[in-house]
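Encoded as structure tokens, the structure appears first; notes follow it.
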Protein chains: 2
Amino acid sequence: MDGGGATGIARRRIGRANHARILKAAERVFAEVGFAGASMAEIAARAKLPKANLHYYFGTKEALYRAVLNDILAVWLGPMDAIRPDSDPAAALTEYVAAKVAASRDRPLASRVFANEVLHGAPQIERFLARELRQLVAEKAAVLEGWIEDGRMAPLDTKHFFFMVWALTQHYADFAVQVRLVLDKKRLERKDWDHVGSEVTRMVLRVAGLAEADRAASVSGRRGAASWAS
Amino acid sequence: MDGGGATGIARRRIGRANHARILKAAERVFAEVGFAGASMAEIAARAKLPKANLHYYFGTKEALYRAVLNDILAVWLGPMDAIRPDSDPAAALTEYVAAKVAASRDRPLASRVFANEVLHGAPQIERFLARELRQLVAEKAAVLEGWIEDGRMAPLDTKHFFFMVWALTQHYADFAVQVRLVLDKKRLERKDWDHVGSEVTRMVLRVAGLAEADRAASVSGRRGAASWAS
DNA sequence: GTCTATACATAGATAGAC
DNA sequence: GTCTATCTATGTATAGAC
């Protein structure tokens, strides 16, 4: 990591800037054509840097790809923080879905890189999925199970419930072209994304037995608050 | 397409067998590593045929890929036939979901090839998505809208409802590795797939306001049959 | 730290004997 | 119709001047 003639400070500042530029360009290219389809030359062109610089900073194409994935994984699980034992179920799920939809809207490239990796067998993140993700899902699924036992949420398989939320929300990033073509839109505008957010939220809340209609019924006394507990 | 010395019949029989072997091997390789990652040499090895034969039958890698996609598209939309105006909504949706889950279970490779294609911008099937798929969804969405108007189904955005069913069911083929690792299973057995089927069906019916609990409530008189129509 | 030139491997595709 | 040998392009990675 050392060499050159500039001072350490200047070197690091330039280094960080280039590092970030390369990561950004790489995320775009990996998202567009996948790991196998991406070429270092294309990434270098997007980053407006010579090809050799990429190898100077990251060594190999695989190492660069892992760096991109690493950036993604940290961001990817953040929204799950909304699920806590003391949260109001409807509010927590609404917040979780909103955060996941926002992620698909604001970082579709990250979603596609992740999807491509898993689609092809997760060769680079298998351990992450088997450990961190598995552990996190186990924890959050336990929270939902607590809510279900307390009659605060409709009974369901909590792990498959998470699969549903992921599938639904990430679909709008990963299958964006299909969504766009079926809806016959040039691109999704802000209002379209707001609509996606409200529709997905509605679906998730209905699955959890927490939709407006259900809650209204509950409030009006037609269905007791603990009616799911039976 | 003509040459050789064998009779037309024998030639075609051998030709068809090889044709099918190549398509099968190609589907597997394209599913595993994507279009860009697939090599004609690898596909030839899986089909146990010399590389040159692939070019003899299909010309180019892209043409072979299109042939694989073509086989998939026909199968892919079949399940939508279950959605008809005169169907019972709950029965039709149950049948539709069951067929889509069965497709993910029985033809996961086909699902992954399709997912990979769409994920990377659908360069080969853009026209199909913009025409056939768009038209089909418009038709079937209209059927659901009819059910909603008649108070036979909860109100929702019907096109996004289809996105939900696709996302949910195809998730189990496309993200199979993640599902397997999170659930800590070596592989999904028959009973696991049955469980997936019942959970996904339950979720979809709840979204449509047609779940057991809702229907029971409806029968017991706590909620009128037309309560969704308001 | 940066960049040009290049080594070496593998890709898709085809020629031409059988 | 089948298959071996080969052409040409492109890919990753690195050497070495600056």
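Order of the sequence lines fixes the chain letters, A, B, ..., with proteins taken first and strands second; residue numbering starts at 1 for each chain.
As a whole-Å value, the separation of A/K48 NZ from C/dC3 C1' is 18 Å. Across the protein-nucleic acid pair, A/Y56 atom OH and D/dA15 atom C1' stand 16 Å apart, rounded to whole Å. B/H19 places its NE2 atom 17 Å from the C1' atom of D/dT2, with the value rounded to the nearest Å. The separation between A/L54 atom CG and D/dT14 atom P is 13 Å, rounded to whole Å. Put simply, CZ on A/F58 is 16 Å from C1' on D/dA13, counting in whole angstrom units. When the P atom of D/dT12 is taken as reference, atom CG of A/N53 falls 15 Å away, rounded to whole Å. What separates CD of A/E42 from P of D/dT12 is a distance of 11 Å, to the nearest Å.
Sparse packing is recorded around CZ of B/R28, with 12 or fewer heavy atoms of other residues, nucleotides or ligands lying under 6.0 Å away.
Judged by a 6.0 Å distance limit and a 45° cone about the ring axis, B/K61 is positioned over the six-membered ring of B/F35.
Looking at A/F58 and A/R66, their side chains never come closer than 4.5 Å, going by heavy atoms from C-beta outward.
Applying the 4.0 Å criterion to OP1 and OP2 of C/dG1, one finds that A/N18 has every side-chain N and O outside that range.
Residue contacts for A/A44: at a heavy-atom cut-off of 4.0 Å it reaches no nucleic acid atom on any strand shown. Residue B/A36 is classed as having no contact, given no heavy-atom separation below 4.0 Å to the nucleic acid.
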Working for ring-ring contact (aromatic ring centres under 6.0 Å, His included), residues A/H195 and B/H160: CA-CA 10 Å; A/H195 181 61; B/H160 289 270; 5.2 Å; yes
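Looking at B/R187, B/K186, B/K191 one by one, the single match for salt bridge (charged side-chain N to carboxylate O under 4.0 Å, His left out) with B/E189 turns out to be B/R187.
With 3.5 Å as the limit, one finds a donor-acceptor pair spanning the side chains of B/T158 and B/E145.
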Return a single string for nucleotides 13-18 of chain C, one symbol per nucleotide in 5' to 3' order, where B is base contact, S is sugar-phosphate-only contact and - is none, cutoff 4.0 angstrom on heavy atoms. BB----
